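What follows is a set of notes on a single structure, which appears directly below.
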Amino acid sequence: MELFTLSIIVVAIAVHFLVSPIPEVSTELYVCPYIAANLLLYLYLLSLSPAQVTIWMPMATANFTFLLTSILLTTVRRLFFSPLAHFPGPKVAAVSGLWNANQARLGRASRNHQALHERYSSDVIRIGPNELSINNVDAIDKLYGGKYLRGTFSQVFNIPGGDNVATLRDHKIHGAWRRILAKAFTRGEIPHLTERLQTHIDRTVQILREKAGSPVNCGKQFDALAFDVILDLAFSYDGGLQEGHGDSTAITLIHGFLGFMSFVGHLPHLQQILRYLPVPEDGKLFARLGDNILDAHQALKPPHKDILNHLQAADRETGIVLSRRDLKQHIQIILIVGAHSVSTTLTCMFAALASRPEIQAGLRKELNAAFDENAVLSSETIRRLKLLDAVVKEGLRMFPPLLGGTPAIVPKGGITLDTGDFLPEHTQVYVGQRVLAWQERYFPRATEFLPERWMEQDTEKSGNPLIEDRRAWIPFGYGTHACGGRVLALEELKLVVARVVREFEICFRQDLSRPFNYDDWVGGIKDHFLTVIEEIDLIFVAKTEH
Ligand code: HEM
């Protein structure tokens, strides 16, 4: 072997040992020295001979040798010498993050992880070179308790530049931003939020009455409701989607982003490269929507503070104030997490309720007993209704809007689970809601929509036969980064379910030429980071008497 080729192999081996530990070095630290080394080699060869042909051959040989050696070393290390090598999982996943990213692109990542846990009979499986999936509740507090470092997935939201509360990894600023956001959901604010929520739900009920007995495209209807709600409550902005005159660009853009986001979210190196490329037109359009909302808001004086008003106040503890760019980032993330999640959860809940008419009847009875015919459903009373609470909890168990959850980075020193598995420091770990909550050992008859499981009394002897471990219910996440809008989300879900079930009987459409199969529909739910559902038409039959 020529001395030149041998030297390149030695360089490749040295570089490999420098960059291989978990966490791997950033893409910039790979790419910049690589380009610089090529430039130096080019200048050196040029100084030896100005004839281009004698330069390109050794350049190509050097690059080919370097890349081939690096790829071979990386493959062998990831398969046999990585601290994660002993965890079971597909070999292709251990070698490259592309496997998991592709599963996410196809919308089946969390379903696949669940199947892999079963296939390998293991609580810990390897789903990427430095990534693990865990289906054991013991991991929740150990990983997500305290000030844990969030994983790289959510960094996909700040590719166009700028952070928001859902992307920030710095605990000091994140804490301040969360305190600022929390002011929008205090006890004192809830009545104002509920009052405005009721107006939008009134309109939904009216629309369903107008369409009573005819098929209603639920995804579309609840998208319109959820976006109108978040635009109004967060930014005092009239969405007008339920009225039919609104602009649905935000919804179309968000639906369009999801497949891309779930793919790129699993490829941190690609995320870093994309930061250097121009923002695509759709991204610019979404950013402009944020600008427009912010500009329109500045001219307003809403009678009660909305979420954006709260976001403009300083954090009392640190004095931190959000800049215009931070506010724009928050408008965008609130649109993404605050509406789509509510809309898909509602649609799934109504489909599940259509599959259980007896639960609807029970719920209607509970609602009628709690309210006079004309009384407004107040949030205090709603919170006391046990079956309503059970329906919403069970809906969130089966159909969480973030099926795969968000990853955490294992802290320094690593973590040992009660299974004896040791998770090495810096590993990126997913404890997905779907893999946890669809497990028989935590929720017996896990694939069935059973609100009654939340009504069962725990007995001292046998416990609750339908809930083995409540800790496996984490649809809002857990710990410092858990959902910032949980209070509003629960209020909205409960109020909509209560109003609609009280007024209508919900059924599947009986179309003999296109028979509807509920189980197939549930099987078609996709996990594109946020849940994506297939179209579903339900029929809302108006109840004449309560
Ligand atoms: C069905 C309704 C909803 C569910 C199940 C849900 C669930 C979640 C989950 C699982 C996370 C990630 C938590 C983590 O990383 O550990 C999250 C984050 C977040 N959600 Fe929700 N969400 C819902 C609705 C809402 C609404 C209506 C808002 C209103 C503004 C909202 C605001 C947020 C924010 C700001 C974050 C980022 C929190 C942070 O990283 O600190 N969510 N949500």
Side-chain angles (χ1 to χ4, degrees), residues 110-111 113-125 133-146 345 348-349 352-353 355-356 358-363 365-366 369-370 382-405 408 415-421 423 429-479 482-483 486 489-490 493-494 497 519 522:
S110 49
R111 189 184 305 263
H113 299 163
Q114 189 193 359
L116 289 172
H117 281 291
E118 281 164 26
R119 190 193 315 157
Y120 293 105
S121 305
S122 175
D123 282 3
V124 184
I125 51 153
S133 164
I134 297 184
N135 72 349
N136 189 317
V137 286
D138 180 50
I140 299 174
D141 195 53
K142 286 183 174 157
L143 275 165
Y144 295 94
T345 310
C348 292
M349 277 184 198
L353 280 168
S355 76
R356 299 283 318 269
E358 72 284 14
I359 292 287
Q360 290 185 51
L363 185 51
K365 206 164 148 203
E366 181 182 70
I382 282 231
R383 267 180 230 140
R384 287 201 297 271
L385 300 182
K386 292 216 165 64
L387 185 52
L388 178 63
D389 187 58
V391 165
V392 170
K393 275 210 177 95
E394 183 68 350
L396 284 166
R397 180 190 71 82
M398 284 197 75
F399 310 110
L402 269 82
L403 286 158
I415 283 176
T416 305
L417 299 181
D418 61 4
T419 51
D421 290 302
L423 314 179
V429 179
Y430 288 80
V431 188
Q433 171 63 148
R434 157 102 190 207
V435 295
L436 281 181
W438 283 52
Q439 270 187 77
E440 289 293 315
R441 68 169 157 167
Y442 296 135
F443 296 106
R445 299 171 61 192
T447 55
E448 293 173 59
F449 177 72
L450 295 175
E452 39 286 62
R453 76 173 81 242
W454 302 97
M455 308 284 284
E456 292 269 355
Q457 293 297 320
D458 286 16
T459 63
E460 222 171 88
K461 260 196 178 160
S462 60
N464 177 339
L466 291 172
I467 300 181
E468 289 294 337
D469 199 325
R470 282 167 202 273
R471 288 178 300 166
W473 189 85
I474 49 163
F476 292 101
Y478 186 90
C483 179
R486 178 184 171 134
L490 279 174
L493 294 175
K494 284 191 177 178
V497 173
D519 293 326
V522 172

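Position 1 is the first residue of the sequence, and the numbers go up from there. Predicted, not measured: the structure shown is a model, and the values here were computed from it.
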Please round to the nearest 0.5 Å and tell me the distance separating atom [atom1] of [X] and atom [atom2] of [Y].
X    : Y    : atom1 : atom2 : result
L466 : M455 : CG    : CE    : 12.0 Å
N135 : I125 : CG    : CD1   : 8.0 Å
I359 : L450 : CD1   : CG    : 8.0 Å
L387 : E366 : CG    : CD    : 5.0 Å
W438 : M398 : CH2   : CE    : 4.0 Å
L388 : L363 : CG    : CG    : 5.5 Å

Listed partners of [X] passing ring-ring contact (aromatic ring centres under 6.0 Å, His included), at least two apart:
X    : value
Y430 : H266
F443 : W454
F476 : none

Item to check | side chain to side chain contact (heavy atoms under 4.5 Å, CB included) involving D418 - partner list, sequence neighbours excluded | outcome: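 So D418 forms a side chain to side chain contact (heavy atoms under 4.5 Å, CB included) with N136, D138.
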Partner set under side-chain hydrogen bond (donor to acceptor under 3.5 Å, both in side chains) for [X], not counting sequence neighbours:
X    : value
T419 : D421
Q114 : R434
D389 : K393, K494
E440 : none

Pairing residues for [X] by the salt bridge (charged side-chain N to carboxylate O under 4.0 Å, His left out) criterion, not counting sequence neighbours:
X    : result
R119 : none
E448 : R445
R397 : E394
D469 : R471

Could you report the tightest heavy-atom contact between [X] and [Y], atom names first, then the distance?
X    : Y    : result
A352 : S355 : O-OG, 2.5 Å
H117 : S122 : ND1-O, 2.9 Å
F449 : G395 : CE1-N, 3.8 Å
L143 : A408 : O-CB, 4.3 Å
A437 : A472 : CB-O, 4.0 Å
R470 : N464 : NH2-ND2, 3.9 Å

Item to check | Candidate list V431, L436, D123, test side chain to side chain contact (heavy atoms under 4.5 Å, CB included), partner V137, passing option | outcome: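 Going through V431, L436, D123 one by one, the side chain to side chain contact (heavy atoms under 4.5 Å, CB included) with V137 is satisfied by L436 alone.
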Next on the checklist: The test is side chain to side chain contact (heavy atoms under 4.5 Å, CB included); show your working for T447 and V522 and say whether it passes.
Outcome noted: CA-CA 10 Å; T447 55; V522 172; over 6 Å; no
Checklist entry - Under a 4.5 Å cut-off applied to non-hydrogen side-chain atoms, are V124 and V429 in contact? => result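 The answer is no, as the side chains (C-beta and beyond) never meet within the 4.5 Å cut-off.
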